[in-house]
**Q** 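This is the structure I have questions about; it appears just below.
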Number of protein chains: 2
Amino acid sequence: MPSLIEMRCVPCRGGEPTVADGEIPELNLQVPEWKIVEIDHIKRLERVFKFKNFAEALKFTNQVGELAEAEGHHPAILTEWGRVTVTWWTHKIKGLHRNDFIMAAKTDKIPQQ
Amino acid sequence: MPSLIEMRCVPCRGGEPTVADGEIPELNLQVPEWKIVEIDHIKRLERVFKFKNFAEALKFTNQVGELAEAEGHHPAILTEWGRVTVTWWTHKIKGLHRNDFIMAAKTDKIPQQ
């Protein structure tokens, strides 16, 4: 499998299958800091990033936002004092698409100052 | 009671009482769009703001962040495509302080473009 970080999101039109449960461990190997969480019966990729204050957390939120706009795929970003929780999933298929793993890999490359 | 919007947050050192349950309805009258939610046994003030896309939502998140930094009191801000959920509570007292109602009133004054 090519590296996720080198891939780009492909348009997801709905009706496409979610990533098969059997594929998840292999994809997760490339983004090991991300947990698979299931909320409202929808599998999602989630990672908490820690920062030294609120301003640094908000700066990171904006960088994730820039990435999201560039790729046309948007996460949920919870900004709190000293931490940001990023959650990726694909609304249209109510689950995980390969795009979400690509975005997780790209999120990991944002510097956490 | 003076208008919440004219008040400033006071330092909360912990050990102070939370807003009494009896006071909540009166304070809530000034910020009627905010719901009282209880998560992990901690009462919080929560409001969802709607936007037309992700960029507008993120812009609002930054405005709430600026307000938080100016007042030295920080919320949880969940940024998603087209919506921002803002939650105020006071960590040190594990509940609602008058500061939280003041911040809710000030958040309401941010333009939602």
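Chain letters run A, B, ... following the sequence lines, proteins first, then strands; residues in each count from 1.
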**Q** In terms of hydrophobic clusters joined by side-chain contacts under 4.5 Å, are B:V31 and B:I36 together?
**A**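 Yes, B:V31 connects to B:I36 through the hydrophobic network.
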**Q** Less than 4.5 Å apart, any side-chain heavy atom of A:L58 and any of B:T61?
**A** yes
**Q** Would A:F101 end up clustered with A:I93 when hydrophobic side chains under 4.5 Å apart are linked, directly or stepwise?
**A**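 They do not share one cluster, since no chain of ILVMFWY contacts under 4.5 Å joins A:F101 to A:I93.
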**Q** Should B:I5 and B:L67 be counted in the same cluster of Ile, Leu, Val, Met, Phe, Trp and Tyr side chains packed under 4.5 Å apart?
**A** no
**Q** Check whether A:A57 gets within reach of chain B through its side chain, its backbone, both or neither, counting any heavy atom under 4.5 Å.
**A**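 Answer is neither: A:A57 stays 4.5 Å or more from chain B.
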**Q** Hey, which residues of residues 43-53 of chain A are touching chain B, say heavy atoms under 4.5 Å apart?
**A**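 Residues in range: none.
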**Q** Using a 4.5 Å heavy-atom cutoff, which residues in residues 74-84 of chain A come close to chain B?
**A**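 A:H74, A:P75, A:A76, A:I77, A:L78, A:T79, A:E80, A:W81, listed by number.
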**Q** For B:E26, does the CD atom have more than 12 heavy-atom neighbours from other residues, nucleotides or ligands under 6.0 Å away?
**A**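 Not buried by this count: 12 neighbours or fewer within 6.0 Å.
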**Q** I need the minimum non-hydrogen distance between A:F54 and B:G65, along with the two atoms involved.
**A**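 So the two residues come closest at CE2-CA, 3.6 Å.
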